[in-house]
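Read the structure below first, then the notes.
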Amino acid sequence: MACSIRPTLTSFRFSSTRSLFNPSPSLSFLHLSSAVPQSHSFGLKATRLVRQDGNSVRAMASQSVAAAASQENVLDWVKQDKRRMLHVVYRVGDLDRTIKFYTECLGMKLLRKRDIPEERYTNAFLGYGPEDSHFVVELTYNYGVDKYDIGAGFGHFGIAVDDIAKTVELIRAKGGKITREPGPVKGGKTVIAFIEDPDGYKFELLERGPTPEPLCQVMLRVGDLNRSIEFYEKAFGTELLRTRDNPEYKYTIAMLGYGPEDKSTVLELTYNYGVTEYDKGNAYAQIAIGTDDVYKTAEAIKLAGGKITREPGPLPGISTKITACLDPDGWKSVFVDNVDFVKELE
């Protein structure tokens with residue numbers, strides 16, 4: 001329960017280390033002169049070699065500076081890019097059952113469905129508002145597959161509610177599973193509860209006032225929190241909103257996003273002391289994020305040490321441009337062209 005404890009504050013912000021290849025021309029001259037016999041004059045040939053070697057060094061240094069400047073420009077662009085978390089994708093064993101639970105118990109709306117019989121799967125999009133302005137869930141049902149392994153790496157989704165006690169009683173009446181009764185977080189005042197959906201996905205309910213983004217968190221466990229924070233800030237352009245360390249329960253969390261927690265969806269990364277790797281199962285899939293340029297996005301991800309699993313470009317059969325990547329822990333994300341995404345919704 002990564003959100004249940006808020007005792008101390010630990011900062012994990014980093015200053016990135018950058019180095020430019022700038023060899024000293026004098027070193028090259030020394031190296032060259034050691035191979036030339038000592039005399040009163042180097043001679044014409046030796047002079048040309050020295051001149052050429054010096055030019056080569058200067059050209060290499062100039063190229064390195066230009067490359068570094070280009071990298072800086074891409075990473076700076078990431079911070080200016082118009083990014084928003086669009087949806088989270090995961091697999092369920094009974095699509096109708098899950099839709100019923102989310103609409104009746106969690107108050108979501110079924111926004112759209114699409115069936116792809118040739119690929120033998122169906123998608124359903126649910127949320128608390130239209131896809132062009134809200135973060136939503138994209139459920140995937142693969143024909144004939146009724147169960148998945150959630151694994152130990154996925155944590156939970158977060159939903160902000162006005163009245164947590166009323167919400168929990170409604171879920172209980174509908175047969176939902178309550179895994180933590182409503183109550184204040186340990187060491188804090190926020191009232192929370194935990195429930196499970198029919199497939200075993202955990203949802204943290206947080207009692208808050210009215211918010212434009214009720215579907216407010218996706219929690220994933222990582223093996224090196226410092227590394228993850230640096231990667232998401234550089235490659236994804238997210239802001240580190242806050243961290244919480246809980247030595248009593250041996251974990252630390254970091255909240256990252258594109259806006260404040262009470263108004264936008266955030267990524268909650270959890271590090272459990274001493275655990276560097278998790279079984280991710282095959283149930284949770286990915287988060288989709290909007291961007292103005294999937295090509296620059298892919299370049300930034302590579303510069304930040306991420307792995308591109310799908311090179312940027314349009315999807316077959318449609319014009320929507322995407323790129324897909326893995327973070328240092330192997331969690332997948334997909335970046336979608338903002339203009340193309342809006343066209344898809346139309």
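In this chain, numbering begins with 1 at the start of the sequence shown.
- By the 6.0 Å contact criterion, CD on Glu277 is open, its count of non-hydrogen atoms from other residues, nucleotides or ligands being 12 or less.
- Arg208 is listed as a side-chain neighbour of Glu261, based on a closest heavy-atom distance under 4.5 Å.
- The two residues Leu225 and Val222 have their closest heavy-atom pair at CD1-CG2, 4.0 Å.
- Side-chain atoms of Cys325 and Phe236, non-hydrogen and from C-beta on, do get closer than 4.5 Å to each other.
- For the pair Tyr141/Asp94, no side-chain contact is recorded, criterion being any heavy-atom separation below 4.5 Å from C-beta on.
- How far CD1 of Ile171 is from CZ of Phe101: 5.5 Å, rounded to the nearest 0.5 Å.
- Taking every heavy atom of both residues into account, Ile229 and Ala254 meet most closely at CD1-CB, 3.8 Å.
- Following chains of ILVMFWY side-chain contacts shorter than 4.5 Å, one can reach Leu139 starting from Tyr128, so the two form part of one hydrophobic cluster.
- A continuous path of ILVMFWY side-chain contacts below 4.5 Å connects Phe157 to Tyr258, so both sit in one hydrophobic cluster.
- Distance alone, capped at 3.5 Å, is enough to place a donor-acceptor pair between the Asn338 side chain and the Thr291 backbone.
- Judged by distance alone, the side chains of Tyr273 and Asp245 do bring a donor and an acceptor atom under 3.5 Å apart.
- Between the side chain of Arg221 and the backbone N or O of Ala152, at least one donor-acceptor pair lies under 3.5 Å.
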| Step-by-step side chain to side chain contact (heavy atoms under 4.5 Å, CB included) determination, Ile116 to Tyr143 | CA-CA 10 Å; Ile116 315 294; Tyr143 292 8; over 6 Å; no

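- Between Arg83 and Thr297 there is a side-chain heavy-atom pair separated by less than 4.5 Å.
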| task | Report the C-alpha distance between His134 and Leu111 in whole Å, list the side-chain angles of each, state the deciding distance to 0.1 Å, and finish with yes or no for side chain to side chain contact (heavy atoms under 4.5 Å, CB included). | result | CA-CA 11 Å; His134 287 72; Leu111 303 172; over 6 Å; no

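- At a threshold of 4.5 Å between side-chain heavy atoms, the hydrophobic network of Ile, Leu, Val, Met, Phe, Trp and Tyr places Ile159 and Ile99 in one connected group.
- Ring pair Phe125/His87 is perpendicular by interplanar angle, where above 60° counts as perpendicular and below 30° as parallel.
- Annotation for Arg97 and Pro198: closest pair NE-CB, 3.4 Å, computed over non-hydrogen atoms.
- You'll find the side chain of Phe335 reaches within 4.5 Å of the side chain of Ile301, heavy atoms only.
- Val88 is not listed as a side-chain neighbour of Thr265, based on a closest heavy-atom distance of 4.5 Å or more.
- The existence of a salt bridge linking Asp329 and Lys280 is excluded, since no basic side-chain nitrogen approaches an acidic carboxylate oxygen closer than 4.0 Å.
- When every heavy atom of Ala193 is checked against every heavy atom of Ile164, the shortest pair comes out as N-CD1, 3.4 Å.
- Taking the charged nitrogens against the carboxylate oxygens, Lys302 and Glu299 have no contact shorter than 4.0 Å, which rules out a salt bridge.
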| task | Go through the steps to decide whether Asp293 and Asp81 satisfy the test side chain to side chain contact (heavy atoms under 4.5 Å, CB included), and finish with yes or no. | result | CA-CA 8 Å; Asp293 192 325; Asp81 189 22; 5.8 Å; no

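- By the 4.5 Å heavy-atom criterion applied to side chains, Tyr284 and Trp331 are counted as neighbours.
- Ring geometry, Tyr102 versus Tyr90: the interplanar angle falls from 30° to 60°, so the pair is classed tilted.
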| task | I would like to know whether Glu181 and Arg172 meet salt bridge (charged side-chain N to carboxylate O under 4.0 Å, His left out); could you show each step before the answer? | result | CA-CA 11 Å; Glu181 295 292 337; Arg172 198 193 313 274; 3.0 Å; yes

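- Within the 3.5 Å criterion, the main-chain N or O of Asp149 finds no donor-acceptor partner in the side chain of Arg91.
- The hydrophobic clustering, which links ILVMFWY residues whose side-chain heavy atoms are closer than 4.5 Å, places Leu240 and Met85 together.
- Side-chain contact between Lys321 and Pro314 is present, with at least one heavy-atom pair separated by less than 4.5 Å.
- Residues Lys189 and Glu207 are not paired through a salt bridge, judged by the lack of any N-O separation under 4.0 Å between the basic side chain and the carboxylate.
- Within the 3.5 Å criterion, the main-chain N or O of Tyr249 finds a donor-acceptor partner in the side chain of Asn246.
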| said: Let's go through Ile253 and Met219 carefully: what are the C-alpha distance in whole Å and the side-chain angles of both, what is the deciding distance for side chain to side chain contact (heavy atoms under 4.5 Å, CB included) to 0.1 Å, and is it a yes or a no? | reply: CA-CA 9 Å; Ile253 66 168; Met219 191 276 262; over 6 Å; no

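- Here Phe154 contributes atom CZ and Asp279 contributes atom CG; the two are 14.0 Å apart, rounded to the nearest 0.5 Å.
- Shown here for Ala165 and Pro182, the closest heavy-atom pair between the two residues is CA-CG, 4.4 Å.
- Of the inter-residue distances, the one linking Leu326 atom CG with Lys332 atom NZ reads 8.0 Å to the nearest 0.5 angstrom.
- The main-chain N or O of Asp340 is found under 3.5 Å from a side-chain atom of Asp337 such that the two form a donor-acceptor pair.
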| request: Carefully, step by step, assess Asp199 and Tyr148 under the rule side-chain hydrogen bond (donor to acceptor under 3.5 Å, both in side chains). | output: CA-CA 8 Å; Asp199 288 273; Tyr148 293 94; over 6 Å; no

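- Annotation: the span from Lys100 atom NZ to Leu110 atom CG amounts to 13.5 Å, rounded to 0.5 Å.
- With respect to the salt-bridge test (charged N to carboxylate O, under 4.0 angstrom), the residues Glu138 and Arg114 qualify.
- Put simply, CG on Leu269 and CG on Asp327 are 8.0 Å apart, with the number rounded to the nearest 0.5 Å.
- Between Ile195 and Thr179, the shortest heavy-atom distance links the atoms N-OG1, 3.9 Å.
- Within the 3.5 Å criterion, the main-chain N or O of Leu345 finds no donor-acceptor partner in the side chain of Asp132.
- Between the NZ atom in Lys174 and the CG atom in Leu106 there is a gap of 12.0 Å [rounded to 0.5 Å].
- Val89 is not connected to Val336 by any chain of hydrophobic side-chain contacts under 4.5 Å among Ile, Leu, Val, Met, Phe, Trp and Tyr, and they are in different clusters.
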